[in-house]
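Letters go in sequence order (proteins before strands), and every chain restarts at 1.
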There are 2 protein chains.
Amino acid sequence: MTREHEGNHAAASETVGEHFDAWHEAGFAENCPVRDVLDRIGDKWSVLILTALAREPKRFSALNRDVGDISKRMLTQTLRSLQRDGLVERTVYPTTPPTVDYRLTELGHSVLEPLTALIGWAEARHDDIRTARHAFDEEAEAA
Amino acid sequence: MTREHEGNHAAASETVGEHFDAWHEAGFAENCPVRDVLDRIGDKWSVLILTALAREPKRFSALNRDVGDISKRMLTQTLRSLQRDGLVERTVYPTTPPTVDYRLTELGHSVLEPLTALIGWAEARHDDIRTARHAFDEEAEAA
DNA sequence: GAGATGCGGTAACGAAATGAGACCATATCT
DNA sequence: AGATATGGTCTCATTTCGTTACCGCATCTC
């Protein structure tokens, strides 16, 4: 029943709003999955690594190359936390030098589904965001 | 055609994999919407603020209370960047003391849809994540 | 056989982001 | 007069991040 923006987004807004209230009452810090999960999703490299692994397992150095400007340090760190959360599986083959590969677990694959939606949104609306950004910056500069 | 985990996630994995390859060829840093968008989505507070505003506009201090343990500093900062990206609209009413409220724009509401999917995933799989986490930690401790 | 290269990382250090808290002007309530 | 609320900003300590150097080992090149 809110008046302002009712595309087809009203339902989602309502749903999310209810979730928020529920977390709020539940104590928030304790059992809020969003904090727990989004902190990881949102740490700048996780999503990129997950998408890089979407189709096939990759070795450490392949990831290092493919993801682009990530440092080994952050790659190691991010992979560890993804592994810890059960999204990624690390396999060592006892060759010399050791070969290590990383692959998505079922849990890891399953998160790609909602992520696809988000990526789709990002691509669809990227222009709108950039437009808004420019407008904002010019307005700020004018002042 | 990958063998390992084929729930219903195969399609998403394939799609995401293709996207990744496309970004990769396109140069990555330049026109990668994910970097651009996910950096914002994933900054620990943005999603929380967006969900807090899902149903109704709120004032600065209401947000400060509702979101919980966010500092005013980060609240201001996050709101500014959401505003800059056109997700949130800031309105000042010339009262004394000034009243300011924040509301989602159409763009802001539209992102709730993919976010809902992600939140749903987080809640559905939260137990799996925590289980994996405990297993990992115990194994690490045993070593 | 000497040096460079690739492997999968770790250690150390400076830079950047973040969090906690004090502070501000104004106005109202007690 | 003093406390409280409003919407922030400023400062400073802690945390996190990114860069670079380095490790042992094996293979490839000269």
Quiz item: What nucleotide among D/dG18, C/dG9, C/dG19 has an atom nearest to a side-chain atom of A/Arg80?
Solution: C/dG9
Quiz prompt | The single option from A/Val67, A/Leu79, A/Leu82 passing side-chain contact (heavy atoms from CB on, under 4.5 Å) against A/Trp45 | solution = A/Val67
Quiz item: Can you list the steps and then say if B/Leu112 with B/Leu104 is a side chain to side chain contact (heavy atoms under 4.5 Å, CB included)?
Solution: CA-CA 10 Å; B/Leu112 292 181; B/Leu104 297 186; 3.7 Å; yes
Quiz item: According to a strict under-4.0 Å criterion, is B/Trp45 in side-chain N/O contact with OP1 or OP2 of C/dT18?
Solution: no
Exercise. Decide yes or no for B/Thr51 and A/His19: does some side-chain heavy atom of the first lie under 4.5 Å from some side-chain heavy atom of the second?
Key: no
Quiz item: Roughly, in whole Å, what's the span from CE in A/Met74 to P in C/dA16?
Solution: 16 Å
Practice problem: Begin with the C-alpha distance, continue with both residues' side-chain angles, and end with the deciding distance and a verdict on side chain to side chain contact (heavy atoms under 4.5 Å, CB included) for B/Leu50 and B/Val111. | Solution: CA-CA 9 Å; B/Leu50 290 172; B/Val111 77; 4.0 Å; yes
Practice problem: Go through D/dG8, D/dG18, C/dT18 for me and flag the one nearest to the A/Lys44 side chain. | Solution: D/dG18
Practice problem: Name the residue closer to the 5' end of DNA chain D, choosing between A/Gln77 and B/Tyr102 according to the nucleotide with the nearest heavy atom. | Solution: B/Tyr102
Exercise. Quickly work out the B/Asp69 CG to C/dA20 C1' distance and round it to whole Å.
Key: 12 Å
Self-check item: Residue among B/Thr99, B/Asp101, B/Leu75 satisfying side-chain contact (heavy atoms from CB on, under 4.5 Å) with B/Phe60
Solution: B/Leu75
Practice problem: To the nearest Å, give me how far apart CG (A/Asp39) and P (D/dT15) are. | Solution: 16 Å
Self-check item: For atom CG of A/Leu48 and atom P of D/dG18, their distance in whole Å
Solution: 12 Å
Practice problem: Report the residue (A/Arg73 or A/Asp101) whose heavy-atom-nearest nucleotide on DNA chain C is the more 5′ of the two. | Solution: A/Asp101
Quiz item: How many Å lie between CG on A/Leu75 and C1' on C/dT10, as a whole number?
Solution: 14 Å
Please tabulate the protein-to-nucleotide N/O contacts below 3.5 Å involving nucleotides 5-7 of chain C, giving atom names and distances.
residue, atom, partner, partner atom, Å
C/dC7, O3', A/Arg59, NH2, 3.3

Quiz prompt | B/Lys58 NZ - D/dG7 C1' separation (whole Å) | solution = 17 Å
Quiz item: Should B/Leu53 and B/Arg103 count as side-chain neighbours, where that means a heavy-atom distance under 4.5 Å?
Solution: no
Quiz item: What nucleic acid atoms does B/Thr96 come within less than 4.0 Å of, heavy atoms only: base, sugar-phosphate, or nothing?
Solution: sugar-phosphate
Practice problem: On the 0 to 90° scale, with breaks at 30° and 60°, tag the A/His24-A/Phe20 ring pair as parallel, tilted or perpendicular. | Solution: parallel
Quiz item: In whole angstrom, what separates B/Asp43's CG from C/dA16's P?
Solution: 19 Å
